Number of protein chains: 2
Amino acid sequence: MDNKPVPDIVVGRLPIYLRALTFLKTEHREITSSQELGDRLGISSAQIRKDLSHFGEFGKQGTGYDIRHLEANLKQILHVDRMWDVVLIGAGDLGHALANYRGFAGRGFHIAAVFDKSGDKIGREIVEGLVVEDVVTLSERVKQVGWKMAIIAVPAEEAQPVANTLMEAGVKALLNYAPISLMVPSGIRVEHIDPAVHLQHLTYYLG
Amino acid sequence: MDNKPVPDIVVGRLPIYLRALTFLKTEHREITSSQELGDRLGISSAQIRKDLSHFGEFGKQGTGYDIRHLEANLKQILHVDRMWDVVLIGAGDLGHALANYRGFAGRGFHIAAVFDKSGDKIGREIVEGLVVEDVVTLSERVKQVGWKMAIIAVPAEEAQPVANTLMEAGVKALLNYAPISLMVPSGIRVEHIDPAVHLQHLTYYLG
DNA sequence: TAGATTGTTAATCGATTAACAATC
DNA sequence: TAGATTGTTAATCGATTAACAATC
């Protein structure tokens, strides 16, 4: 009966909830409440309960939420109860940092391949077991292996062409670090990360 | 008369508009319209006009917006018509990438100092002219110099203590890369960047 | 039982969109 | 002038919050 899609803004908060639950686990906590989560995240408890109610009933009246149970459910909802291979384009400083980032594995992601166009990066082992490949082979390799997610860490002027190549080859979701708004057709999802955008958001309030 | 603060969600779009205008300049464009901007950004033209109307009248009926004029106004509104010194904490892979990032200078930011706690990083020149300092001196240095903005690029378990030190020393705005929700008092602004959160937002839609 | 907290409904609040007079 | 596009108003749409019955 409930045919309406869950609002994207709600979906966007689920990873935050999941991260908080995983953190609570490191503190050896077993039960939490919408109140406690809200206090930690700066979100109202009502909003957290409402958000979760889109997906089912995960708590117990009078008690709260079993942390492991809710965590497992959120992982399922977000489809990170499995590992996703992610292809990374760009082996500069940022690409290097992303390839070496230890935080992906525990949260459902594995950098499966790295591509660059620069001759002095191609063939180098950017991290144990991961050799930088030539971007001219990107399309072929994506089609062959069937990767669905990519991280774009190339200069601004190359980002749109790289995105086009990826989408044409079957990639459905992009995380873009280039300081440019990617244009994508409907059916493709994009998230943008641009530190200068965030800093400028902050300076507005600094008078 | 208009005493109401501009909604934060509107403020958050201004840096996107600014980035698009700067991009149009690189294409040697001089005039644009809310329609064109909206098409490029995936935002309705009405929303762009409404957003801008909170701050004044920047366009001309029948013509559109002078790109340089609107860009200059947005820079003023966002307070990036000047340069901001930013202190960076964490000199790992990510800190290294941020310290070397060429994109900050043109958008109002300068990494003024880098701190780390690791003995084999302290004293090393992370980038031309920028020597990694010992984090035990962070509080003292921040108070002395008066930095107002910081980027946190330390492991999750150190992020909150580092944030506390920074806030106690007078920092008012934080950009946090650690995968944890920082708790801050009102009056302090925080933005979070967590690639895994964005990737999980994407996987929701990948079935 | 008494106390606590959920899931949900209805009310409130806020943001987006549509439409158009003004005007370049 | 005719055409285009702004700035703004009012209508619509959607998200958040408050409140509380249900119940553990």
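First the proteins, then the strands, lettered A, B, ... as listed; each starts at 1. These numbers come from a predicted model, not from an experiment.
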Is the side chain of His198(A) donor-acceptor paired with the backbone N or O of Pro195(A) at a distance under 3.5 Å, no angle test?
no
* Just checking, any donor-acceptor pair under 3.5 angstrom between side chains of Tyr204(A) and Asp8(B)? -> no
Exactly one of Val190(B), Leu174(B), Ile180(B) clears side chain to side chain contact (heavy atoms under 4.5 Å, CB included) with Ile152(B), and that residue is Leu174(B)
Checking side-chain polar atoms at under 3.5 Å, does Gln160(B) have a donor or acceptor matched by the opposite partner on Asn164(B)? yes
DNA chain D in dot-bracket form (Watson-Crick or G-U pairs under 3.5 Å, [ ] crossing, | inter-strand) is ..||||||||||||||||||||||
Within residues 33-49 of chain B, the residues having a heavy atom closer than 4.0 Å to DNA chain C are Ser44(B), Ala46(B), Gln47(B), Arg49(B)
CZ (Arg107(A)) and CG (Leu78(A)) are apart, to the nearest 0.5 Å, by 10.5 Å
Checking Lys117(B), Lys121(B), Arg141(B) against Glu133(B) for salt bridge (Lys or Arg N to Asp or Glu O under 4.0 Å), the one that qualifies is Arg141(B)
The first and last nucleotides of DNA chain C lying within contact of chain A, meaning any atom under 4.0 Å from one of its heavy atoms, run from dA4(C) to dT9(C)
Original post:
Is it true that the side chains of Ser181(B) and Arg19(A) contain a donor and an acceptor less than 3.5 Å apart?
Top reply: yes
* If we only count heavy atoms from C-beta on, is the Val142(B) to Thr165(B) side-chain gap below 4.5 Å? -> no
Walking DNA chain D from its 5' end, the first of Arg13(A) and Gly62(A) to be reached, judged by nearest nucleotide, is Arg13(A)
Of all heavy-atom pairs linking Trp147(B) and Ala112(B), the shortest is NE1-CB, 3.5 Å
Arg29(A) atom CZ, neighbour heavy-atom count above 12 within 6.0 Å: yes
